Amino acid sequence: MSEPSILIVGAGPAGLCLARALSLRGLEVDVIERQPRSAIASPAPDGREIALTRGSLRILRELGVLDRIEAGRVHPLVRARVADGDAGEGFEVDAAPFGHEALGSLIANSDIRAAAWAMVEADPRIRVHFDACVASVTAGSRSAAVVLEDGRRFEAPLLVAADSRFSATRRALGIPVAMHDFGKTMLVCRVRPELAHGGVAWEWFGEGQTRALLPLGECLASAVLTVTGAEAERLVALDPAEFSRELEQRYRGRFGRMVLEGEVHAWPLVATWAHRFVGQRFALVGDAAVGMHPVTAHGFNLGLASVERLASIVAESMARHGDPAEPGLLARYQRRHRAGCAALFLGTGLVVRVFTDDRALLRPLRRAIIGAGRALPPLRRALADVLLDDGPVDPTPLERLRRGLAVLRPRAAGGPRLQ
């Protein structure tokens with residue numbers, strides 16, 4: 001008897017990675033995607049560079065996705081620097097106390113999508129249905145079903161929504177979502193800075209904007225500028241030379257001349273948190289469950305964590321019950337993913353509110369936080385530990401204790417690397 005098929009709506013990176021994770025566990029998968037095949041097989045660059053933790057790189061490697069990305073397109077993130085105000089005073093975090101040379105790696109979103117598709121395309125257990133516009137979605141006690149506008153019907157014991165933070169599938173299933181529009185737009189583009197970045201990622205708050213510079217090889221970087229919507233429209237309308245000069249001024253000449261490479265992409269900043277991650281015969285993964293503000297660059301890391309958590313739960317549910325959607329185990333997925341995301345989601349929202357609000361009342365608090373980062377090594381190590389995420393998705397209490405001790409005390413020079 002053949003295994004039941006799992007139905008996934010959305011062939012973005014989270015949906016494709018979940019399809020691959022389920023296939024590796026022996027399950028058949030049908031993926032419903034509204035875009036044409038060309039958009040998934042050859043995704044256009046969208047400006048987004050994804051900061052992947054060591055844990056996320058492990059997941060991509062196990063799925064076979066990382067091997068499909070050229071080594072030269074994976075850029076190590078050596079250190080991260082957080083600064084505030086016109087003077088740019090701040091502090092740096094690095095991975096040295098944990099025995100690593102880099103905090104993680106930067107990979108273009110389009111490269112991740114292309115690699116995930118290449119892996120899925122070669123997998124006989126996965127079928128992707130393109131140009132598939134969903135007409136209706138239902139989930140009952142025995143199965144879930146998706147009906148397309150062309151009349152095709154798909155039915156499965158488990159339906160997974162992986163169709164973005166604005167998920168139409170989630171809405172069709174009646175799942176409320178807490179949504180916060182930050183009222184800002186993120187502009188992203190590749191630049192060639194005159195001065196070397198040394199593999200250091202910059203995050204610079206203040207002056208009514210947030211600036212970031214992400215290292216991509218020796219002579220290339222990604223510039224990330226967060227401004228109001230009106231200001232974003234003005235900047236996007238500039239010609240390349242004018243835009244480059246504007247960047248140089250906004251970055252206060254810290255990187256010398258900055259020459260624009262390619263297009264400038266604009267993304268409105270909206271964070272979402274689904275009230276439920278599971279229900280009768282369905283589950284949410286990726287941004288459909290939790291859509292992060294990009295200030296900590298953790299959005300896709302949480303998406304990959306949801307993939308690993310749900311795939312493991314589905315496999316356990318099949319082994320124990322012969323059903324991929326046993327309610328008690330789906331509820332466990334929800335508990336685990338909520339617990340794994342909540343602190344980072346709430347903490348990110350707090351950081352954004354404190355560091356992007358230029359009212360005089362909050363400036364002393366910002367200075368105090370930056371000062372604490374400079375003065376307290378354990379705080380810097382705690383931030384590095386979050387960026388590294390070097391361990392299992394759901395660590396045991398003993399593993400949590402080991403990580404906590406590593407944060408409290410630095411690794412001795414020449415000492416053993418933490419496993």
Side-chain angles (χ1 to χ4, degrees), residues 6-19 21-22 29-36 39-40 43 46 48 50 109 112-113 116 120 128-140 143-149 154-156 158-182 267-294 298-311 313-314 325 330-331 333-334 337-338 340-342 345 348-349:
I6 308 300
L7 192 54
I8 300 173
V9 179
L16 293 178
C17 286
L18 177 62
L22 292 170
V29 185
D30 283 285
V31 182
I32 306 298
E33 173 54 48
R34 63 180 177 81
Q35 296 187 91
I40 304 301
D46 60 14
R48 291 179 291 183
I50 309 300
N109 183 56
I112 295 172
R113 292 178 61 195
V120 163
V128 182
H129 308 273
F130 296 105
D131 297 301
C133 297
V134 176
S136 66
V137 177
T138 57
S143 66
V146 171
V147 178
L148 305 184
E149 290 182 356
F154 297 85
E155 192 168 345
L158 176 63
L159 167 66
V160 182
D163 51 341
S164 86
R165 68 189 64 199
F166 305 111
S167 171
T169 308
R170 183 186 63 212
R171 175 178 288 274
L173 292 168
I175 308 303
V177 62
M179 183 177 297
H180 182 78
D181 188 334
F182 291 92
W267 296 93
L269 295 183
V270 178
T272 57
W273 179 279
H275 287 201
R276 288 186 288 146
F277 294 174
V278 301
Q280 190 171 243
R281 297 288 170 188
F282 74 84
L284 312 179
V285 297
D287 283 358
V290 180
M292 288 281 290
H293 187 290
H298 251 69
F300 187 53
N301 294 299
L302 295 185
L304 284 174
S306 74
V307 165
E308 181 156 293
R309 288 183 177 116
L310 184 59
I313 286 293
V314 168
L330 285 185
Y333 161 70
Q334 175 171 273
H337 198 46
R338 277 182 169 173
C341 296
F345 184 85
T348 296

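Worth saying up front: this structure is predicted, and the values here are computed from it rather than measured.
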(request) Please tell me if the side chains of Val160 and Leu284 come closer than 4.5 Å, counting only heavy atoms from C-beta onward. (result) no
(request) Would you give the length of the straight line joining atom CZ of Arg309 to atom CZ of Phe277, rounded to the nearest 0.5 angstrom? (result) 9.5 Å
(message) Is it the case that the side chains of Thr169 and Asp163 hold a donor-acceptor pair, with the cut-off being a distance below 3.5 Å and no angle test?
(response) yes
(request) List the steps, then state whether side-chain contact (heavy atoms from CB on, under 4.5 Å) holds for Tyr333 with Val285. (result) CA-CA 10 Å; Tyr333 161 70; Val285 297; 3.6 Å; yes
(message) Looking at every heavy atom in both Gly12 and Glu33, which two are closest together, and how far apart are they?
(response) N-OE1, 4.3 Å
(message) Run the side-chain contact (heavy atoms from CB on, under 4.5 Å) test on Ile8 and Asp30 for me, step by step, so that the C-alpha distance in whole Å, both residues' side-chain angles and the decisive distance to 0.1 Å come before the verdict.
(response) CA-CA 6 Å; Ile8 300 173; Asp30 283 285; over 6 Å; no
(message) Can you give me the closest heavy-atom contact between Ala14 and Val307, atom names plus distance?
(response) O-CG2, 3.6 Å
(message) For the CD1 atom of Ile32 and the CZ atom of Phe154, what is their distance to the nearest 0.5 Å?
(response) 4.0 Å
(request) For residues Pro13 and Asn109, report the shortest heavy-atom separation together with the two atoms involved. (result) CG-OD1, 4.2 Å
(message) Please give me the minimum heavy-atom distance between Gly15 and Ala162, naming the atom from each residue.
(response) CA-CB, 3.8 Å
(request) Any chance you could measure Trp267, atom CH2, to Arg48, atom CZ, to the nearest 0.5 Å? (result) 3.5 Å
(request) Identify the heavy atoms of Ala325 and Arg281 that sit nearest to each other, and give their distance. (result) CB-NH1, 3.6 Å
(request) For Asp181 and Leu269, run side-chain contact (heavy atoms from CB on, under 4.5 Å): C-alpha distance rounded to whole Å, both residues' side-chain angles, the deciding distance at 0.1 Å, then the answer. (result) CA-CA 6 Å; Asp181 188 334; Leu269 295 183; 5.9 Å; no
(message) Can you confirm whether Phe182 sits close enough to His293 that some side-chain heavy atom of one is under 4.5 Å from a side-chain heavy atom of the other?
(response) yes
(message) Any heavy-atom pair between the side chains of Val290 and Phe345 that's under 4.5 Å?
(response) yes
(request) Return the minimal non-hydrogen interatomic distance between Arg276 and Ile175, and the atom names on each side. (result) NH2-CD1, 3.0 Å
(message) Measuring from atom CZ of Arg113 to atom CD1 of Ile40, what distance do you get when rounded to the nearest 0.5 angstrom?
(response) 5.0 Å
(request) Would you mind reporting whether Asp287 and Thr272 have side-chain heavy atoms less than 4.5 Å apart? (result) no
(message) Take a 6.0 Å sphere around CZ of Arg34 and say whether it holds more than 12 heavy atoms from other residues, nucleotides or ligands.
(response) no
(request) Mind checking the OG1-CG spacing from Thr138 to Leu159? Nearest 0.5 Å is all I need. (result) 8.5 Å
(message) Taking Val270's backbone N and O only, do any of them form a donor-acceptor pair with Arg165's side chain (distance below 3.5 Å, no angle check)?
(response) yes
(message) Nearest 0.5 Å, please: how far is NE2 in His180 from CH2 in Trp273?
(response) 15.5 Å
(message) Quick check: do Val134 and Val147 have side-chain heavy atoms less than 4.5 Å from each other?
(response) no
(request) Step by step, work out the side-chain contact (heavy atoms from CB on, under 4.5 Å) result for Val29 and Leu7. (result) CA-CA 6 Å; Val29 185; Leu7 192 54; over 6 Å; no
